[in-house]
Undergrad: 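Pasting a structure here, questions to come.
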Amino acid sequence: IDMSTTIQRSDNKGIPLTFPGPIGLAAGFDKNGSAIPGLFQMGFSFVEIGSVTPEPQDGNARPRSFRLVEDRGVINRFGFNSLGAESVRGL
């Protein structure tokens, strides 16, 4: 993959978006946005952060994830744990 190629996507009903490369990182990896500069330095063309809430909150009580061995699955009940918008903006 030639990472210097600009990829343009305009096949949806939104505004056209241009990214410097083909690989981005979807939300969920960096819930509070603290790793954004490092992720771009690693070569990601775009980075989404997780669910940032207006105010800080802890999310659901632990345990909040469960393995379903027979079903080969996981139940995620993390809730929206977040530092809050003001803290994330300041990172």
Undergrad: Using side-chain heavy atoms (C-beta onward) and a distance below 4.5 Å, is Asp58 in contact with Asn81?
TA: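 No; the side chains remain at least 4.5 Å from each other.
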Undergrad: Rounded to the nearest 0.5 Å, how far apart are CE of Met42 and CD1 of Ile23?
TA: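 It is 10.5 Å, given to the nearest 0.5 Å.
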Undergrad: What are the two closest heavy atoms between Phe46 and Phe40, and how far apart are they?
TA: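 Minimum heavy-atom separation between Phe46 and Phe40: CA-CE2, 3.9 Å.
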Undergrad: Any sub-3.5 Å donor-acceptor pair from Asp71's side-chain atoms to Gly73's backbone N or O?
TA: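 Absent.
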Undergrad: Is a donor on one side and an acceptor on the other found under 3.5 Å between the side chain of Ser82 and the backbone of Thr53?
TA: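 At least one qualifying donor-acceptor pair exists.
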Undergrad: Tell me whether Asp30 contacts the main-chain N or O of Ser34 through its side chain, where contact means a donor paired with an acceptor under 3.5 Å.
TA: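 Checked: pair present.
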Undergrad: Asn60 side chain to Arg77 main-chain N or O, any donor-acceptor pair under 3.5 Å?
TA: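 Pair found, side chain donor or acceptor close to backbone of Arg77.
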Undergrad: Measuring from atom CD1 of Ile49 to atom CZ of Phe29, what distance do you get when rounded to the nearest 0.5 angstrom?
TA: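 Reported to 0.5 Å precision, the distance equals 13.5 Å.
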Undergrad: Find the distance between CD1 (Ile36) and CD (Glu48) and round it off to the nearest 0.5 Å.
TA: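 Between atom CD1 of Ile36 and atom CD of Glu48 there are 10.5 Å.
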Undergrad: So Lys31 and Phe80, side-chain contact (heavy atoms from CB on, under 4.5 Å) or not? Walk me through it.
TA: CA-CA 9 Å; Lys31 290 188 83 159; Phe80 294 114; 5.6 Å; no
Undergrad: Would you indicate whether the side-chain heavy atoms of Ile75 and Leu68 approach each other to under 4.5 Å?
TA: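 Yes; the side chains approach each other to less than 4.5 Å.
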Undergrad: Give a yes or no answer on whether the side chain of Asn32 reaches the backbone of Leu83 with a donor-acceptor pair at less than 3.5 Å.
TA: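 Checking the backbone N and O of Leu83 against the side chain of Asn32, a donor-acceptor pair under 3.5 Å is found.
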